[in-house]
There are 2 protein chains.
Amino acid sequence: MKFSTRSRYGTRAMLDLALHDNSSPVRLKDLARRQGVSVKYLEQIIPALKNAGFIRSIRGINGGYTLAKGAGEIRLLDIVEALEGSLSPVDCVDMPKWCPRSGECATHEVWRDVRKAIDDVLGGTTLADLAERQRALSEPR
Amino acid sequence: MKFSTRSRYGTRAMLDLALHDNSSPVRLKDLARRQGVSVKYLEQIIPALKNAGFIRSIRGINGGYTLAKGAGEIRLLDIVEALEGSLSPVDCVDMPKWCPRSGECATHEVWRDVRKAIDDVLGGTTLADLAERQRALSEPR
DNA sequence: AATAATTCCTAGTAATTATATAGGATTATT
DNA sequence: AATAATCCTATATAATTACTAGGAATTATT
């Protein structure tokens, strides 16, 4: 019941892009250095974010990545699901038929509740919210 | 981000024991048949529940398992953690030092919120609640 | 005392997933 | 033409998952 490093690194990458939004494209090299992840591994994670339509890439020299939408339109739920797959703690939540008991199983209902609770947290937080939290954390006091 | 079969089967096993509480000890054979799991696999899951103090075993012929406490005193959170380990979606939630960034990382806060949401659902549901839900589901209407 | 039915314990194993690394192809600026 | 970036595909390794197997220990019944 852990998120994979893909989700952790990928979410941090999205946050990094959000914080550098209104500047020139962010090079993978810089992103990797700031986040403490290898370029090669990030390179493998990024396509999922691109396919999901969250980021745009610019190739060639002076290339890099930028957000493809406003940070306020991207929910953390979407990011993590793009990287991790469904966040249902058991398969019967997404596919009731997957388990023949699901219709008459009380645990099924609880797993559904768990899923909803995760949805509410991650679905209620946008990348803009996350960036704001980050700025608050980094702010000198 | 899935529960293991240990958690799914183990929780169902606990529910089964709760539903057969005030009768003679439940044999693993019967439990396994009703839940559609092999005896051998359940045999491997059960010790975690016993070590956690949730069930009691009676050895020898006519042996089996019973709950060791009232169903109302056992939270699903405790059961799943006994079977699954910590439900924190990332290690930095339990061990902030595990990631050097945790003190200044906004994602850390969100992962903490996710953990809390799961805690609230699973910590707010006892085995007695689950059994009641199950009875309601099985009830003829 | 023997038998049978149960839990208990330890080890093994095949498949999958996680976490990367490697090498080179493609693209665009200068 | 050179350079610096993204893109694509393959490979490696370690850990985890989901079991299975075999037999030892225990206890009620006969």
Side-chain angles (χ1 to χ4, degrees), chain A residues 1-13 16-17 20 23-33 35-52 54-68 80 83-86 89-91 98-99, chain B residues 1-13 16-17 20 23-33 35-52 54-68 80 83-86 89-91 98-99:
Chain A
M1 191 63 175
K2 287 271 180 291
F3 287 144
S4 65
T5 54
R6 284 172 62 89
S7 297
R8 293 200 292 116
Y9 297 165
T11 304
R12 296 225 305 265
D16 193 296
L17 292 183
H20 293 84
S23 65
S24 53
V26 173
R27 284 176 299 184
L28 210 46
K29 187 173 37 169
D30 297 330
L31 217 170
R33 180 174 37 74
Q35 299 302 326
V37 180
S38 84
V39 169
K40 280 301 189 180
Y41 192 29
L42 258 189
E43 212 173 42
Q44 204 192 51
I45 293 171
I46 286 276
L49 298 169
K50 201 181 164 191
N51 291 335
F54 303 146
I55 64 180
R56 212 166 6 123
S57 65
I58 295 155
R59 300 188 65 169
I61 208 167
N62 294 338
Y65 297 92
T66 62
L67 293 185
V80 178
L83 295 164
E84 189 83 17
S86 166
V90 303
D91 285 327
W98 177 81
C99 177
Chain B
M1 193 61 176
K2 286 271 180 288
F3 288 145
S4 63
T5 55
R6 284 173 60 89
S7 298
R8 293 198 292 114
Y9 297 166
T11 305
R12 295 225 306 264
D16 194 295
L17 292 183
H20 294 84
S23 64
S24 53
V26 173
R27 284 176 300 185
L28 209 47
K29 188 174 36 168
D30 296 330
L31 217 171
R33 181 175 35 75
Q35 299 303 326
V37 180
S38 85
V39 168
K40 280 301 190 181
Y41 193 28
L42 258 189
E43 211 173 41
Q44 203 191 52
I45 293 171
I46 286 275
L49 298 169
K50 202 182 163 188
N51 291 335
F54 303 147
I55 63 179
R56 212 165 7 122
S57 65
I58 296 156
R59 299 188 66 170
I61 207 167
N62 293 338
Y65 297 92
T66 62
L67 293 184
V80 177
L83 295 164
E84 188 84 16
S86 165
V90 304
D91 285 327
W98 177 80
C99 176

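It should be emphasised that the depicted structure is a prediction, and the values quoted were computed from it without experimental measurement. Atom set for the values below is all heavy atoms of this structure, side chains included, hydrogens, waters and symmetry mates excluded. Letters go in sequence order (proteins before strands), and every chain restarts at 1.
- Between A/I46 atom CD1 and C/dT19 atom P the separation is 17 Å, expressed in whole Å.
- Remark: A/F54 engages no residue in a ring-ring contact (aromatic ring centres under 6.0 Å, His included) (not counting sequence neighbours).
- Within the nucleic acid shown, B/K50 comes within 4.0 Å of sugar-phosphate atoms alone, with no base atom in reach, counting heavy atoms only.
- Against DNA chain D, the stretch residues 23-33 of chain B makes no heavy-atom approach under 4.0 Å.
- In this structure, B/L17 and B/Y65 approach most closely via the heavy-atom pair CD2-O, 3.7 Å.
- Atoms CG and OH, from B/L83 and B/Y9 in turn, are 13.0 Å apart once rounded to the nearest 0.5 Å.
- Partners of A/K2 according to the salt bridge (charged side-chain N to carboxylate O under 4.0 Å, His left out) rule, which considers only residues two or more places apart in sequence or in another chain, are B/D91.
- Take A/A68 and apply the side-chain contact (heavy atoms from CB on, under 4.5 Å) test, not counting sequence neighbours, and it matches A/R56.
- When rounded to the nearest whole Å, the span between CZ of B/F3 and C1' of D/dT16 equals 17 Å.
- Applying the side chain to side chain donor-acceptor pair (under 3.5 Å) test to B/S7 and every residue at least two apart in sequence or in another chain returns B/E84.
- Phosphate proximity of D/dA18 to B/T5: present, with a side-chain N or O under 4.0 Å from OP1 or OP2.
- Residues A/P47 and A/G63 both approach DNA chain D. Their nearest nucleotides, taken by heavy-atom distance, put A/G63 toward the 5′ side.
- Distance CZ/A/R8 to CZ/A/F3: 11.0 Å, rounded to 0.5 Å.
- Contacts of B/R27 classified as salt bridge (charged side-chain N to carboxylate O under 4.0 Å, His left out), with partners at least two apart in sequence or in another chain: B/D30.
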query = When every nucleotide of nucleotides 24-30 of chain D is labelled 5' to 3' by its protein contacts under 4.0 Å (heavy atoms), B for base, S for sugar-phosphate only, - for none, what sequence of letters results?
reply = -BBBBS-
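- C/dT6 atom P lies 15 Å from atom CG of B/L42, rounded to whole Å.
- Regarding A/L83, its CG atom lies at a distance of 14 Å from the C1' atom of C/dA18, rounded to whole Å.
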Can you give the donor-acceptor pairs under 3.5 Å from side chains of residues 36-46 of chain B to other protein atoms, not counting sequence neighbours?
residue, atom, partner, partner atom, Å
B/S38, OG, B/Y41, N, 3.0
B/K40, NZ, B/E43, OE1, 3.4
B/Y41, OH, B/T5, OG1, 2.9

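- Listed by chain and number, the residues in a side chain to side chain donor-acceptor pair (under 3.5 Å) with B/K50 are B/S57 (sequence neighbours excluded).
- Atom-to-atom, NZ of A/K40 to P of D/dA5 comes out at 14 Å; the value is rounded to the nearest Å.
- A close approach under 4.0 Å does occur between a side-chain nitrogen or oxygen of A/S38 and OP1 or OP2 of C/dT21.
- In this structure, CD1 of A/I45 is placed 14 Å from P of D/dC7, rounded to the nearest angstrom.
- Rounded to whole angstrom, the span from the NZ atom of B/K2 across to the P atom of C/dA18 amounts to 11 Å.
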Would you tabulate the nitrogen or oxygen pairs shorter than 3.5 Å linking the protein to nucleotides 9-12 of chain D?
none

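- Listed by chain and number, the residues in a side chain to side chain donor-acceptor pair (under 3.5 Å) with A/R12 are A/Q35 (sequence neighbours excluded).
- Spacing between atom CG of A/L49 and atom C1' of D/dT6 amounts to 15 Å, rounded to whole angstrom units.
- Where A/Y41 and B/S57 meet DNA chain C, the nucleotide closest to each residue was compared, and B/S57 sits on the side nearer the 5' end.
- Across all strands, B/Y9 comes closer than 4.0 Å only to sugar-phosphate atoms, never to a base (heavy-atom distances).
- When every heavy atom of A/P25 is checked against every heavy atom of A/N62, the shortest pair comes out as CG-O, 4.3 Å.
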